Engineer: 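Structure incoming, see below.
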Amino acid sequence: TIIDGFKRETLNKIITSGLEAMKEADPQSLFLNPVTDAIAPGYSRVIKQPMCIKTMESKINSYETLQEWETDVKLVFRNCINYNTGNAGQWFRGEARRQMKVFMDDIYPQALKFYQTAIGTRSIGLPKRKHEGSSEAASIEPLPGIKGKMQKKDVTHPSLPAVASMLLADPFVVRILLDRALRCLRIDVNRGATLPAAHHVLPSILQLLHLASWSTRLCAIRGKLYALPDVGIKPPTEEDIISLTPFATLRRFSPILMRLLVESEVDRRMATGGDLHLVAQSREEQSTNPSNDEGQDLSHLDVLRSLTEGALVHICQPGNTHESSLQITFPKFYKALMHLSTNLWNQRPFFISLIQALLRHKSKLSRASRDIVAAAWLEWLGPDKTTNTIEGSITSPAHECFIMLLNEWAALGNILLPRDAMLSFASDAVRAANSSESDSDRKFPSMWNKPEFSLVQKQYDRMLQHLPESQTMQWKEEVGILENKDVEDEDVVMAEAAETERLPADDDDVDTVCN
């Protein structure tokens, strides 16, 4: 009927206008396009009814009421909250709740009001206007609620700080700031025996680093929402992550890093060849506990973790430590990093830098130091005991870089890493990575030859191509990736060898060889 056609057109125009208002409230387009597993790993296993603005636009003609559209909009934000769990998803959950509030307070009430007014006017038979007699609804302008709210003149936070935080998100700028902070800690604070908070530059550098780590969140809604964290000198006034993190980094946990740096210097001087080697025997061994807050989640201290990673890479450089002191210092930094992060699986820049530092020792690195580094790396590959992660370390940069390090060590000769030791470490890496995966489809045998495993498999292939065929087959069988073709080839080789031993040599063949 004409009324039904009018309702359909009115409903479509109001929903279209509402979706445009939602896009304006979502400047980063978080909810615009469908989410895939490539963008959000494991998304399809967690979210069974995905929804986004594009999907709602494609099904606009299927909505019979505004309530059906409201249900889909709520599903968009509920999916975001359900998938983004833990500290890593805190900002996404907050953004979903913010946009949900904008929708429920501004967009949907106006859409409902416009629809009821349009349908009511049509139903009571008001005097004819130019639209009467046709099934076309009046042109509806985009819902103005969120636009008017964003144009308030009493907004006190300018967008310029958000532009500055975008510049701070540049990795090169962050690298310069981290290097400067480490130099301040290692040279000024350490040698001057002062506190990090008393340094004239360090608090400001740490504040810039915190701004850089929050740059994505600080740029939300085009700079209209902006938060400037304290430098960390004053205690936080409220228990939120932005006010607590700088204070905890500067006043509570940066002294822990200073203790590690001081102890590494003492270890170097007390090692063989150091000026304090004579008193080394009388020194009591002390274990460094990264924090007195056992069980506390410190994974939000990203800046402190990055500084600790940089300090470990610096110490592993030849000339910055002795061979014997490295065996004492490395486990201390390993424990500190395990406490400062739920896992290090995806810290590719750190692992690449660590490999480069260790390879500068060349074949002079002792096997004892090699074993300590390998044991720590295998622990990094193991399961995350603090959070329930969807995916483990099987495809992570930590896994790839460990096999890469084994290949580089093996290239330096059998003195540093014999073949048997290399295969043993590789088997341990497979077991550690498997233990981090709860899904059987993501175990090592199942991931072999899959595209997402290609970077890790490339390092394993590089390792196996220099081994004898028998050793390669044996290792593949041990880790469960021996293919049927490989088994058949091995059986053929063994059968031919057995046949050669069984048949006696021909007299003509013997004469030919002798001649």
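What you see is a predicted model, and the numbers here were worked out from it, not measured in a lab. Counting from 1, the numbers follow the sequence of the chain as shown.
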Engineer: Keeping Ser396 on the side-chain end and Ser393 on the backbone end, is there a donor-acceptor pair under 3.5 Å?
Structural biologist: yes

Engineer: Between Asp420 and Gln471, is any side-chain donor less than 3.5 angstrom from a side-chain acceptor?
Structural biologist: yes

Engineer: Are the side chains of Val456 and Ile394 in contact, using a 4.5 Å heavy-atom criterion?
Structural biologist: no

Engineer: With Met100, which residues qualify under side-chain contact (heavy atoms from CB on, under 4.5 Å), at least two apart?
Structural biologist: Lys74, Phe77, Met104

Engineer: Asn407: which residues meet the side chain to side chain donor-acceptor pair (under 3.5 Å) condition with it, sequence neighbours left out?
Structural biologist: Gln459

Engineer: Mind checking side chain to side chain donor-acceptor pair (under 3.5 Å) for Ser427 and listing every partner two or more places apart, or none if nothing turns up?
Structural biologist: Trp475, Glu478

Engineer: Minimum heavy-atom separation for Phe425 to Arg370, with atom names?
Structural biologist: CE1-NE, 3.8 Å

Engineer: Using modelled atom types only, decide if a donor and an acceptor are shared between the side chain of Glu391 and the backbone of Pro41 within a distance under 3.5 Å.
Structural biologist: no

Engineer: Return the set of residues passing side chain to side chain donor-acceptor pair (under 3.5 Å) with Glu408 (not counting sequence neighbours), or none when no residue passes.
Structural biologist: Arg462

Engineer: Has the side chain of His466 got a donor or acceptor atom that lies under 3.5 Å from a matching backbone atom of Ala410?
Structural biologist: no

Engineer: I want to check something: taking the side chain as every heavy atom from C-beta on, are Trp380 and Leu337 in contact at a cut-off of under 4.5 Å?
Structural biologist: yes

Engineer: Please check if the side chain of Lys476 supplies one atom and the backbone of Ile481 the other of a donor-acceptor pair under 3.5 Å.
Structural biologist: no

Engineer: So do Ile372 and Tyr334 actually touch side chain to side chain, heavy atoms under 4.5 Å?
Structural biologist: no

Engineer: Would you indicate whether the side-chain heavy atoms of Arg367 and Pro418 approach each other to under 4.5 Å?
Structural biologist: yes

Engineer: If we only count heavy atoms from C-beta on, is the Leu359 to Trp409 side-chain gap below 4.5 Å?
Structural biologist: yes

Engineer: Step by step, work out the side chain to side chain donor-acceptor pair (under 3.5 Å) result for Ser58 and Thr55.
Structural biologist: CA-CA 5 Å; Ser58 66; Thr55 303; 5.2 Å; no

Engineer: Can you find a side-chain donor-acceptor pair between Asp441 and Ser446 that sits under 3.5 Å?
Structural biologist: no

Engineer: Indicate the ring-plane relationship of Phe453 and Tyr460, choosing parallel, tilted or perpendicular according to the 30° and 60° boundaries.
Structural biologist: parallel

Engineer: Mind checking whether Met463 and Leu423 have side chains closer than 4.5 Å, heavy atoms only?
Structural biologist: yes

Engineer: Check whether Asn434 reaches the backbone of Lys443 with its side chain - one donor and one acceptor, N or O, closer than 3.5 Å.
Structural biologist: no

Engineer: With sequence neighbours left out, write down each residue that passes side-chain contact (heavy atoms from CB on, under 4.5 Å) with Ile352, or none if nothing qualifies.
Structural biologist: Arg348, Gln356, Cys401, Met404

Engineer: Just jot down the side-chain contact (heavy atoms from CB on, under 4.5 Å) partners of Leu182, sequence neighbours excluded, or say none.
Structural biologist: Arg186, Leu307, Ala311

Engineer: Pick from Glu400, Gln457, Met447, Lys450: which one makes a side chain to side chain contact (heavy atoms under 4.5 Å, CB included) with Thr395?
Structural biologist: Met447

Engineer: For atom CZ of Phe92, decide whether the heavy atoms of other residues, nucleotides or ligands shown that lie under 6.0 angstrom number more than 12.
Structural biologist: no

Engineer: Taking the side chain as every heavy atom from C-beta outward, state whether Leu326 and Leu365 have any pair of such atoms under 4.5 Å apart.
Structural biologist: yes

Engineer: Is Asp428 salt-bridged to Arg431, cutoff N-O under 4.0 Å?
Structural biologist: yes

Engineer: Under a 4.5 Å cut-off applied to non-hydrogen side-chain atoms, are Val373 and Leu358 in contact?
Structural biologist: yes

